[in-house]
Amino acid sequence: MHPIKLAVALLCASLAVPALAQGAKPAAPAKPAAPASKGFTPPGQSANTPIDAIAVIVNDEVITQRELNERVATIVARMQQQKMALPDAADLRRQILERMIIERAQLQLAKEMGVRVDDNMLDRAIGRIAEQQKMTVQQLRNQMEKEGTTFAAFREEIREEIVMQRLREYEVDNKINISEAEVDGFIATEKAAAAEQFELNIAQLMVRIPENATPDVIAQRQKRAEEVARQLRTGADFGKMAATYSDASDALQGGAVGWRPSSALPPLFAEALGKLKPGQVTPIIRSAAGFHILKLVDKRSLADAQAAETVQQTHVRHILLKVTPTQNAAEVKRKLLELKQRIDNKAAKFDELARVHSQDSAAKGGDLGWLAPGDSLPEFERAVDSLKVGQVSEPVETAFGYHLIEVLERKADDVSKEKQRAAARNALRERKLVEAIEDWQRQVRDRAYVEFRDESLK
């Protein structure tokens, strides 16, 4: 995924769902548009030289060949940049057009539901994207234009990404409910199976089954999945096959899903993946959405992740002296070294000297309490991390002045119960969301009226 597009995905999660009319329902699918000509010929233009042509009609809108060509060029450039194997040009073109059809159907539904992103909101969103990329908006603009995308086109692409994300939040995310009983059950299961839990890096290939498909259509889709499985068994590149045949939304990323806890996957998938070694693929898995083939890219124990959830905290106290017009830095450091020498020689206690001399927390004997990573300035934190329990630092400079620091004790705090329950709830949502989004996208696509004007793209 393009890093800026990844920033968009993260940004969308922070945007509130817009207010919608109570009881609002999607309008009925639009009637087919009247037959259109193969291309638009402006006045004075030869009838034999159309400047564009219709590729497909989606409800009452069209996707033109020019739009398709531009999308194909953009995606091919990104795949080449990521050194991904390119599928056959015709297959790639059909794959991209299918994604455009699904996007267009979603945008039409969003319009009917009143989901909008105005210019002010878009400007703020682009500002945040630039900030996440450590750029100014002008630098972001320059980068997009250097990559061949006009800033106006980029803005509209971001607007559409946010609109579709908000629509999914309203139509899918907000309708997923996790009960407290489910959270309790999940935590109990996690504890019982902690030693056997893994995080899996996976890729997927899905052959979609249309809604209300006939047995003949299902048989055709199964045959397609079997042909893909056969080619994979004979050494075909999984990423290329996904980009060619997969109907999943990540097809053009080579089917890459990324790292997922096994507990966050649908049980059907987790069971099949649990039998694999890295690099292997599953047999065909049938679900309500279609036929799936999964690849286990890599596998790792969750022990490291659990260790990361344990926060190292340090009980610290300090003596702070500030640089003033009457006391320069050299004098402050000299005075702190004298205090440190008295402490090291046990001629005075740290807390007693802090009460007399420190310009911060003096009443508490310089006690700062328990500090977690990120609670203090980086230079202060580095000094704390370098000290042993009971050790007093040399003078440490920060923006506040100069410090003598003493580490009193350390402890490793496990994740709080609230965080544990929040993590369980998120895992359960993730598990339900994967299937719910695929199912919802399939329904939106199947409800749309789609007419291919170029049969080679069908």
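In what follows, residues are counted from 1 in the order of the sequence shown.
Taking a 6.0 Å sphere around CD of Glu131, one finds it holds 12 or fewer heavy atoms contributed by other residues, nucleotides or ligands. Environment of CZ in Phe400: sparse, with no more than 12 heavy atoms of neighbouring residues, nucleotides or ligands closer than 6.0 Å.
Side-chain atoms of Asp250 do not come within 3.5 Å of backbone N or O of Gln253 as any donor-acceptor pair. Checked by atom type and distance alone, the side chain of Asp446 pairs as donor or acceptor with a backbone atom of Glu211 at under 3.5 Å. Panel note: side chain Arg159, backbone Val117; a donor-acceptor pair is recorded below 3.5 Å. Between the side chain of Ser361 and the backbone N or O of Leu368, no donor-acceptor pair lies under 3.5 Å. Between the side chain of Ser262 and the backbone N or O of Phe198, at least one donor-acceptor pair lies under 3.5 Å.
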Donor-acceptor pairs are to be reported for all side-chain atoms of residues 238-246 against protein atoms at under 3.5 Å, with residues two or more places apart or in another chain.
{"unit_1": "Thr244", "atom_1": "OG1", "unit_2": "Lys240", "atom_2": "O", "d": "2.8"}
{"unit_1": "Ser246", "atom_1": "OG", "unit_2": "Met206", "atom_2": "N", "d": "3.1"}
{"unit_1": "Ser246", "atom_1": "OG", "unit_2": "Ala248", "atom_2": "N", "d": "3.2"}

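With rounding to the nearest 0.5 angstrom, the CD atom of Glu379 is 8.0 Å from the CD atom of Glu397. Rounded to the nearest 0.5 Å, atoms CZ (Arg429) and CD1 (Ile178) are 6.5 Å apart. We find the CD-CD1 distance between Gln222 and Ile218 to be 9.0 Å, quoted to the nearest 0.5 Å. The structure places OG1 of Thr282 at 12.0 Å from NZ of Lys295, a figure rounded to the nearest 0.5 Å. Interatomic distance, OG1 of Thr234 versus CZ of Arg230, reported as 5.5 Å (0.5 Å rounding). If you take CZ on Arg124 and CG on Asp119, they are separated by 11.0 Å, rounding to the nearest 0.5 Å.
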Check against side chain to side chain contact (heavy atoms under 4.5 Å, CB included), Val434 and Leu265: CA-CA 8 Å; Val434 171; Leu265 296 172; over 6 Å; no
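Of the charged side-chain nitrogens involved, at least one lies within less than 4.0 Å of a carboxylate oxygen, so that Arg94 and Asp91 count as a salt-bridged pair.
With sequence neighbours excluded, the residues that form a side-chain contact (heavy atoms from CB on, under 4.5 Å) with Leu268 are Ile285. Glu180 meets the side chain to side chain donor-acceptor pair (under 3.5 Å) test with Arg421, Arg425; sequence neighbours excluded. Partners of Asp375 under the side chain to side chain donor-acceptor pair (under 3.5 Å) rule, at least two apart in sequence or in another chain, do not exist in this structure. Considering only residues two or more places apart in sequence or on other chains, Trp370 meets the ring pair (Phe, Tyr, Trp, His ring centres under 6.0 Å) condition with His315. Taking Gln220 as the reference, nothing meets the side-chain contact (heavy atoms from CB on, under 4.5 Å) condition, with sequence neighbours excluded. By the side-chain contact (heavy atoms from CB on, under 4.5 Å) test, Thr150 is found to be paired with Ala152, Ala153, residues two or more places apart in sequence or in another chain being considered. For Glu145, the side-chain contact (heavy atoms from CB on, under 4.5 Å) partners are Arg141, Phe151, not counting sequence neighbours.
For the 3.5 Å distance criterion, the side chains of Gln65 and Asn69 fail to qualify, holding no donor opposite an acceptor. With hydrogens and angles left out, the side-chain atoms of Gln231 and Glu227 include a donor and acceptor closer than 3.5 Å. Side-chain contact of Arg168 with Gln165: a donor-acceptor pair under 3.5 Å is present, judged by distance alone.
Sequence neighbours left out, not one pair with a member in residues 60-98 passes ring-ring contact (aromatic ring centres under 6.0 Å, His included). Counting only residues at least two apart or in different chains, salt bridge (charged side-chain N to carboxylate O under 4.0 Å, His left out) contacts with residues 255-281 comprise Arg260-Glu430. Evaluation of the ring-ring contact (aromatic ring centres under 6.0 Å, His included) test over residues 251-301, restricted to residues two or more places apart or in two chains, returns Phe269-His292. Pairs of residues two or more places apart, or lying in two chains, that qualify as salt bridge (charged side-chain N to carboxylate O under 4.0 Å, His left out) and include a residue from residues 96-111 are Glu61-Arg104, Glu67-Arg104, Arg71-Glu103, Glu98-Arg208, Glu98-Arg445.
Relative ring orientation between His403 and Phe380 is described as perpendicular, the plane-to-plane angle rising above 60° on a 0-90° scale split at 30° and 60°.
The two atoms that bring Lys432 and Asn177 nearest to each other are NZ-O, 3.1 Å, heavy atoms only.
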